[in-house]
Undergrad: 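Shown below is the structure under consideration.
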Amino acid sequence: MNAEGLRIGARHVGTPLRRENARRHVAGRSRFTTDLTLPQMLHAAFVRSPLAHGRITELDVSEARAAPGVHAVLTAADLADCCTPWRGTLDHFAGMTSVSQRPLAEEEVLWVGHPVAMILAESRAMAEDASELVLLDIEELPAVTDPHAALHPDSPKAALEAEKGNLCFETVLETGAVDQVFAEAAHVVEEEFTFGRHTAVTLEPRAILADFDPSTRRLTVHQGTQTPYQFQDTFARHLGLEQSNVRVISPDVGGSFGMKLHVYHEEMAVAAASVLHGRPVRYVPDRLETFLSDIHARDHRITARMALDAEGHILAMDVHDIAPIGPFSTYPRTSVAEGNQVIRLMGAPYRMPDYRGRLQVVFQNKVQTSQYRAVGHPIACAVTEALVDKAAVALGLDPFAIRAANVIADDAYPARSATGFEFEALSHEECLGKLRDLMGYDALREQQAALRDRGIYRGIGIAPFVEITNPGATFYGIGGARISAQDGAIVKLTPGGQAQVAISITEQGQGTETIIAQIVADELGLDPSQVRVTTGDTETTPSGGATWACRGAGIGGETALRAARKLAAQIRAISGAVLQKDGDTLILSGGAVVSADNPMVAMDLSEVARIAYYRPDTLPAGIDTSLSVAHHFAPSGYPFDFTNGIQASHVEVDPETGIVRLLRHWVVEDCGTIINPLLVDEQIRGGVVQGLGAALFEECLYDESGQLTNGSMADYLVPMPCEMPDIAIAHVETPTKDTILGAKGVGEAGTAAASAAAMNAVNDALLPLGARITQTPMTPLRILRALKTITD
Amino acid sequence: MKAPAFTFERAPTLGDAFDLFEAGGGEAIYLAGGHSVVPSLALRLQAPETLIDIAAIPELSGIREEAGMLRIGAMTRHAEILADPLVATHAPLLAMAAPHVAHPAIRNRGTIGGNLCHADPASEFPAVMLALEAEMEIAAPEGHRRVPARDFFVDLYETACAPGEILVALHVPVAGPATRCAFDEISRRRGDYAMIGCAVQITLEAGRIADPRVAFLSVGATPRRVPGCEAVLHDALLSAATIAKAQDALGADLDPMDDPNVPPAMRLHLARVLLGRLLGQLENDHV
Amino acid sequence: MSEQIPLSFTLNGKPVAAFVEPRKSLADFLREDRALTATRLGCEMGTCGACLVMMDGAPAHACLVLAAQAEGAEITTLEGQSEDALMADLQAAFVDRNAAQCGFCTSGMLTTALAYVRQGGTPDRAAIRDALSGNYCRCTGYEAIVDAIAGVAEAAMHKEAAA
Ligand SMILES: Cc1cc2nc3c(=O)[nH]c(=O)nc-3n(C[C@H](O)[C@H](O)[C@H](O)COP(=O)(O)OP(=O)(O)OC[C@H]3O[C@@H](n4cnc5c(N)ncnc54)[C@H](O)[C@@H]3O)c2cc1C
Ligand code: FES
Ligand code: FES
């Protein structure tokens, strides 16, 4: 008999369980890294390069050293011996180059904000006072700020020591017949796109409190990060410490979105300084510093064309992406991964036989760039969907009709994309149908026509998408990155008969701990309130990949499920010995072990635990009484579990002012098994709004000399409540068969297609006015220019 | 972002404030709501030696009617402007502009005096003062004087209120029965400093305009009245044709500053659009 | 460093007498000197709303107010609101609606929300969004927060009508 099949009692997976963590947040009882203080703690502040590129000719810190409250002022030389350099290249990006980095600039400064000196003082205010006393002279070198110019053979170099000029990486992905297909196609649509550079703006800045104890050579780092295990490894290796002596704790983290898993100069400097001085050192960048030092993302200049046959079937795409990054490649995930995903995700929802994607990743003297929520997806989606819409107009097809004619049919899986992705099972057709009903498409079109007669320009845009989730080891590990592709969990039955789980995926508010409690509760027949989940501490949880690339629920959830099943088997074996039953005939349910064939034969879990912990002498000799089990899980099977969905945006464009009002947004999403619908929907909503921010507001603006001109929250426009729409969500559930749980990721789905849908909606609104925009953010100025209202 | 060190003094009276300023030897500044001063200190854009808190000075508070003028104390918070019945009745233009100033919590602490003295060219109230032809009552150790709004805003962040002087109150001529006004702005997000903003006050009798005042914010170093446009409106019927002429006239009145995000041509265009909408609204209200 | 000055005000219902460095913001004073960390710092320039506290009954940015300016004032942080019935309703609604993800914006959101629901009247989504116009949240996309506040405002209105 299969005990799993006989589950009785309430299942918690699939229910909208509320988050325990949220109760702490609303009570003001969360503990963020920014809230922590330690005895003897020093505060760090950095002196930064005011120029985008230059050579340090003088750095005099003597006056700063003498300032009140200052404990030390460190420069590159002070840290040279205690922190080894890092280089953000990976082998599977063949031929990529990058200069290496150290915590503080040695001679060459590479961007505005490059840390040059570090002040350690009794308070942050005193550290800032002292930073004004540092004398820094820099001989200016030409700054590289335009990617096209950067690729010119005569261009100055963004980093003097770069091996291949300003080219970081170049690759071409190509099927056989692209040129011929375009030559013979009935229709070709093409376009140039510019996607603005933006950044994560987590509300809690990055934060670190490093605490080195010289007596034991132990380093404890409290850090707002998604990936404590990665940082444990990084600090140990670069600071020359035993890995077992490095502990990274991520308490509550005030937002992350990919931004907090990269190696930053300041964090390395802080950890090194703590080792050097044997005192806790804390650093929280202020908001101006976050704009100058957090990774930026996106920034793509793309030319793309699409070939279609006479009926509107997509035959091929040909894409060239120039992706400007910073002056070096980010460590350890590189600055290449985003462009790589851009060219690989093009046309992903569609039956498209041929494809060519060319990627050039280019250095420039701006802040480093790397992975931020939905890496590459929004770009690939916007380019693909803008071309599909343009083709639909050219062919006189409705946007739904052209997509229905092109998406990979729901019964055609497994399928393979022209870029080489293997899809297990997606649901584009069902999603299309569901979206059409959800948004009341036909009525919206009628309303649109009626309003146009009154001079009101509304637009509707749709965008199907495919999202990469649950990546396996081919993602980073294969390239030599020390980034775990697996996760681990320890599940234990407490002596009182409840469960505790320690797991390597982490929580930044998405509800990690809640879904793990749901999964484990189901496997052990407990209520989730009886399952306590611990995350975010390298000392008390197994090592693993943690939370990125939408792997938490899918991989972490499966890890917990399998670990809990192992524990359930132990519980059945022990209780079977007591109940004189074959363990396989026992079910865990309602906090008890119950015989499948006779419900009268039962035993509370607390009783099982009591016997195993306190009276093992009453059990048959030799029985394994372990009630803690560990399990690690790495995805096998498909290299990724792809998810899919579709989004729609409804906008009103004011053609006189160029202002776009977002009226409503819809999402139909298929993330496989839904562990917690409440959390899934809020992940999607949050993701959508980040995508809409990129579509309309967010952009890091630089002048020609490489100065960031809008590096504050007054000038960098994040999406705020009044401008954001309500978002309706529906689901299709196609579980992956790679895992028992069947869950795929969802955290990036919202961001993946929101800006594409918005761009299509704006262009739909502008269509009768003869204007078109292919640049994000779609600012009033750009829209008025597209309308030729402003010409200059 | 932590402020540099300074000393802090509270001035219970105007006289104390002047004495403290004098003692500060030119390195002191006054503090009202602090919502412009405190962030500028945190950003280390200024480093005064002394901050003199003037919040408790009695003359600076209160809103009352005095001889056909509405007297608004300099320490009046934006939120009070928004909610005050006297302001709504006698200076409706000011009440209309108030919800556009920043966000609710900032309006709870920011003061109109601080706002006017800060003289940000993108601020709403300075433009409103121009349109209302308000008078600014300034106190100096030598005595009080009144400066008309048109002479108050001198340059970017610079007013007729010299260092050491204190803006005590503003005096606004109360609106008459035929006074009509409108205010709006175009900003990218709610509460942001606007790309353009416009305050209009006219007297409208039998569809004919008298005493037109049109003031723009975010068009240069100071808020601006637009004489050419006002000349078009003066004694004209409020009609679509008049509105179009008034919009045209802005080309000669305004010479917006260079700004890569809002180039001059765009700002002028937005000014015309906004003026058209506000006058159109007054026209619609009239019929 | 400038000399510390005496400061007395009411904090979470209790009198406080302390010395403070004049340059210290109310937010830093609360967080560092009083260990009241529910008041958070997201921008230190009035643009994010993470630092909102009740000052004399109305929301104020603790990053834009010097501690010295709080002399004589009544300051209530989220920690001091635990007895407030409306706040308890809001807290429950935020949990129920999953309106707090990472939680970093939550204290400020709740402070704005409390001021909004205290006004009474018919809840209106646009008005709620307007009230929240200075509160940034990177995680939720705002809708859950608006829903939570609307729900509490609605219930409060009915309670008012019944009473
Ligand atoms: C995030 C944010 C957004 C904002 N958005 C807007 C906006 O959209 N529109 C807008 O108009 N404003 C905006 N403001 C500014 C806000 O309105 C400020 O409150 C106001 O400009 C200053 O008022 P205050 O009382 O805080 O002045 P303070 O900051 O105390 O003082 C400002 C200046 O005026 C001087 N001063 C103050 N009072 C007097 C007086 N009585 N006599 C002489 N000098 C005096 C001070 O010395 C100082 O130089 C914003 C502020 C912030 C932080
Ligand atoms: S920290 Fe005060 S508003 Fe952001
Ligand atoms: S919940 Fe994270 S910022 Fe709002």
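First the proteins, then the strands, lettered A, B, ... as listed; each starts at 1.
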Undergrad: I'd like to know if the side chain of C:Tyr136 reaches the main chain of A:Met713, judged simply by a donor and an acceptor atom lying under 3.5 Å from each other, with no hydrogens or angles considered.
TA: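 No; zero donor-acceptor contacts below 3.5 Å.
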Undergrad: Quick check for you: to the nearest 0.5 Å, what is the distance between A:Thr37 atom OG1 and C:Glu32 atom CD?
TA: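 A:Thr37 atom OG1 to C:Glu32 atom CD measures 9.5 Å (nearest 0.5 Å).
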Undergrad: Select one option (side chain, backbone, both, neither) describing which atoms of C:Glu44 are under 4.5 Å from chain A's heavy atoms.
TA: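 Interface part for C:Glu44: side chain.
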Undergrad: Mind listing the closest non-hydrogen atom pair of A:Val26 and C:Leu78 along with its distance?
TA: O-CD2, 3.4 Å
Undergrad: Given heavy-atom pairs under 4.5 angstrom as the criterion, report whether the side chain, backbone, both or neither of A:Pro725 touches chain C.
TA: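 Contact with chain C: backbone only.
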Undergrad: Check whether A:Asp726 gets within reach of chain C through its side chain, its backbone, both or neither, counting any heavy atom under 4.5 Å.
TA: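 Both backbone and side chain.
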Undergrad: Using the side-chain hydrogen bond (donor to acceptor under 3.5 Å, both in side chains) definition, which of the options A:Arg19, A:Glu507, A:Gln683 pairs with C:Gln101?
TA: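 Considering A:Arg19, A:Glu507, A:Gln683, a side-chain hydrogen bond (donor to acceptor under 3.5 Å, both in side chains) with C:Gln101 is found only for A:Gln683.
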Undergrad: Using non-hydrogen atoms only, which part of C:Leu41 is less than 4.5 Å away from chain A: side chain, backbone, both, or neither?
TA: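 When you check distances to chain A, only backbone atoms of C:Leu41 fall under 4.5 Å.
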Undergrad: Starting at CG of C:Asn98, measure out to CG of A:Asn676 and round the result to the nearest 0.5 Å.
TA: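 Rounded to the nearest 0.5 Å, the CG-CG separation comes to 8.0 Å.
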Undergrad: At a 4.5 Å cut-off on heavy atoms, which part of A:Leu679 comes close to chain C: side chain, backbone, both, or neither?
TA: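 For A:Leu679, heavy atoms of backbone and side chain both lie under 4.5 Å from chain C.
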Undergrad: In Å, rounded to the nearest 0.5 Å, how long is the span from CZ of A:Arg29 to OG of C:Ser107?
TA: 12.0 Å
Undergrad: Looking only at heavy atoms, which two atoms of A:Met720 and C:Thr47 are closest? And how far apart?
TA: CE-O, 4.2 Å
Undergrad: So for A:Arg31, is it side chain, backbone, both, or neither that comes closer than 4.5 Å to the heavy atoms of chain C?
TA: side chain
Undergrad: For C:Asp147 and A:Arg685, what are the C-alpha separation, side-chain angles and deciding distance, and is it a salt bridge (charged side-chain N to carboxylate O under 4.0 Å, His left out)?
TA: CA-CA 13 Å; C:Asp147 288 347; A:Arg685 288 200 172 89; 6.0 Å; no
Undergrad: What part of C:Phe104 gets closer than 4.5 Å to chain A, counting heavy atoms only: side chain, backbone, both or neither?
TA: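 Answer is both: backbone and side chain atoms of C:Phe104 are under 4.5 Å from chain A.
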Undergrad: Rounded to the nearest 0.5 Å, how far does CZ of C:Arg40 lie from OG of A:Ser30?
TA: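 The CZ atom of C:Arg40 is 4.5 Å from OG of A:Ser30, to the nearest 0.5 Å.
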Undergrad: Give, as side chain, backbone, both or neither, the part of C:Thr106 having an atom under 4.5 angstrom from any heavy atom of chain A.
TA: side chain
Undergrad: Identify which part of A:Val253 has an atom lying under 4.5 Å from any heavy atom of chain C, answering side chain, backbone, both or neither.
TA: backbone
Undergrad: How close do C:Ala100 and A:Ala22 get, heavy atom to heavy atom, and via which atoms?
TA: O-CB, 4.1 Å
Undergrad: Of all the heavy-atom pairs spanning A:Arg23 and C:Val95, show the shortest one and how long it is.
TA: NH1-CG1, 3.5 Å
Undergrad: How close do C:Gly141 and A:Val689 get, counting heavy atoms only, and between which atoms?
TA: CA-CG2, 3.4 Å
Undergrad: How long is the straight-line distance from CD1 of A:Ile729 back to CD of C:Glu143, given to the nearest 0.5 Å?
TA: 7.5 Å
Undergrad: Tell me, side chain or backbone of A:Ser712 under 4.5 Å from chain C's heavy atoms, or both, or neither?
TA: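 Side chain only.
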Undergrad: Between C:Leu132 and chain A, which part of the residue has a heavy atom less than 4.5 Å away: side chain, backbone, both or neither?
TA: both
Undergrad: Could you please spell out the steps behind the salt bridge (charged side-chain N to carboxylate O under 4.0 Å, His left out) verdict for A:Glu698 and C:Arg138?
TA: CA-CA 13 Å; A:Glu698 294 183 50; C:Arg138 191 46 139 179; 2.7 Å; yes
Undergrad: Tell me the closest heavy-atom pair linking A:Cys722 and C:Arg129, and the distance in Å.
TA: SG-O, 3.2 Å
Undergrad: Counting only heavy atoms closer than 4.5 Å, note whether C:Arg125 contacts chain A via side chain, backbone, both or neither.
TA: side chain
Undergrad: Side chain, backbone, both or neither: which part of A:Glu682 has a heavy atom under 4.5 Å from chain C?
TA: both
Undergrad: Can you tell me which portion of A:Pro205 sits under 4.5 Å from chain C's heavy atoms? Options are side chain, backbone, both or neither.
TA: side chain
Undergrad: Non-hydrogen atoms of chain C under 4.5 Å away: do they reach the side chain of A:Ala200, the backbone, both or neither?
TA: backbone
Undergrad: Who wins among C:Cys102, C:Gly46, C:Ala38 for the most heavy-atom pairs under 4.5 Å with chain A?
TA: C:Cys102
